[in-house]
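To find a chain, count down the sequence lines: A is the first, B the second, and so on, and within it residues start at 1. As the structure is a computational prediction, the values presented were derived from the model and not from experiment.
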2 protein chains.
Amino acid sequence: MATDRLSVIFSALADPTRRAILARLADGDATVTELAEPFDISLPAISRHLKVLEQAGLITRSRTAQWRSSSLNPEPLREATAWMERYRRHWDASFDRLDAHLRRIQAQAPQTTNDPQ
Amino acid sequence: MATDRLSVIFSALADPTRRAILARLADGDATVTELAEPFDISLPAISRHLKVLEQAGLITRSRTAQWRSSSLNPEPLREATAWMERYRRHWDASFDRLDAHLRRIQAQAPQTTNDPQ
DNA sequence: CCTACATTTAACGCATCGGCTAATTAACGA
DNA sequence: TCGTTAATTAGCCGATGCGTTAAATGTAGG
């Protein structure tokens with residue numbers, strides 16, 4: 001069923017290997033072999049993790065000769081965070097004040113109003 | 001494998017029904033039957049969704065007579081957000097400035113330093 | 001005690017996930 | 001053109017996820 005965007009993003013983040021890959025990519029682009037190096041799993045497995053991350057929009061990939069470089073695309077993290085932000089007032093007492101403050105400096109989008117997922 | 005805390009949290013959030021349940025609970029506690037009402041799925045299915053949410057720490061449950069009330073516990077969302085925040089600098093150009101500002105007003109925990117997952 | 005109501009547990013089916021090895025594709029370079 | 005290296009695809013397997021229906025459990029109340 002996981003057909004909606006947020007489900008795809010959260011599913012992608014649910015795997016520790018994939019999160020570790022994202023962490024690695026935060027330090028710079030890397031090829032599949034480079035990304036596989038720290039792990040005990042096979043190259044095809046890494047390849048499929050990358051496919052999952054790509055489909056979630058969390059990485060983009062480019063090809064140079066026979067190497068496929070992956071780079072981090074954190075935009076979906078922003079989406080996921082945006083969803084969670086709706087609950088921030090429940091955990092952070094001073095959220096409202098801070099939020100208002102942030103919006104003032106940032107002049108962000110007019111606030112996500114009411115999409116239930 | 002999903003044995004680490006973040007994996008459990010993200011897995012719980014990966015299902016749209018569970019996210020909708022959380023959204024509902026943001027408006028106040030509810031019983032299993034009340035939570036099931038908007039959905040086309042069986043009560044046992046909802047019951048298991050609640051179990052998943054509970055194991056992720058996203059809800060807590062209390063029993064009054066034969067009713068089990070669920071209430072939102074957003075603390076894990078804070079954890080998940082904390083993980084994502086590490087990438088914020090990649091998507092938000094003005095993050096560093098804002099982050100510093102936030103830390104100044106909030107006097108938060110001394111900043112997550114270096115846990116790779 | 002017996003019934004009704006709320007919820008969970010059991011047992012099943014089916015799809016997806018995450019791993020593997022083997023085979024294939026793609027590009028380079030001698 | 002042939003061999004090497006990089007990466008993906010194919011096919012398999014066991015585990016898990018999410019749904020179902022039927023049965024069991026727990027609690028209140030006549």
*asked:* Among B:S70, B:S69, B:S71, which residue satisfies the side chain to side chain donor-acceptor pair (under 3.5 Å) criterion with B:T60?
replied: B:S71

_I need the CD1-P distance between B:I46 and D:dG19, as an integer number of Å._
8 Å

*asked:* At 4.0 Å (heavy atoms only), tell me whether B:L43 reaches a base, stays on the sugar-phosphate, or touches nothing.
replied: base

*DNA chain D-proximal residues of residues 61-72 of chain A, any heavy atom under 4.0 Å*: A:R61, A:Q66, A:W67, A:R68

*Starting at atom CG of A:L50, determine the distance to atom C1' of D:dA6, rounded to an integer number of angstrom.*
13 Å

*Quick one: is D:dG19 close enough that its OP1 or OP2 comes under 4.0 Å of any side-chain N or O from B:H49?*
yes

*Atom CD of B:E34 and atom C1' of C:dA6: how far apart are they, to the nearest Å?*
11 Å

*C:dG19, D:dA7, C:dA11: which one has an atom nearest the side-chain heavy atoms of A:T31?*
D:dA7

*Using atom CG of A:D15 as one end and atom C1' of D:dA15 as the other, report the distance to the nearest whole Å.*
14 Å

*Are side-chain heavy atoms of A:E54 and A:L50 found at a separation under 4.5 Å?*
no

*More than 12 non-hydrogen atoms from neighbouring residues, nucleotides or ligands closer than 6.0 Å to CG on A:D27, yes or no?*
yes

_Rounding to an integer number of Å, can you tell me how far A:R18 CZ sits from C:dT16 C1'?_
12 Å

_side chain to side chain contact (heavy atoms under 4.5 Å, CB included), that's the test. Do B:M84 and A:L13 meet it? Break it down for me._
CA-CA 10 Å; B:M84 298 205 214; A:L13 295 177; 4.1 Å; yes

*Distance, rounded to the nearest Å, where B:D4 contributes CG and C:dG18 contributes P*: 13 Å

_Heavy atoms from C-beta onward define the side chain here; which of D:dT21, D:dT8, D:dG19 lies closest to that of B:S42?_
D:dT21

*asked:* Applying the side chain to side chain contact (heavy atoms under 4.5 Å, CB included) criterion to A:L53, which one of A:N73, A:I59, A:L72 satisfies it?
replied: A:I59

*Would you indicate whether the side-chain heavy atoms of A:I41 and A:H49 approach each other to under 4.5 Å?*
yes

*For A:R48 and D:dT8, what is the distance between atoms CZ and C1' respectively, to the nearest whole Å?*
11 Å

*Please step through side chain to side chain contact (heavy atoms under 4.5 Å, CB included) for the pair B:L77 and A:W83, ending with a clear verdict.*
CA-CA 10 Å; B:L77 294 179; A:W83 181 84; 4.2 Å; yes

*Atom CG of B:L35 to atom P of C:dT8: distance rounded to whole Å?*
10 Å

*Establish, with yes or no, whether the OP1 or OP2 oxygen of D:dA7 is under 4.0 angstrom from a side-chain nitrogen or oxygen of A:K51.*
no

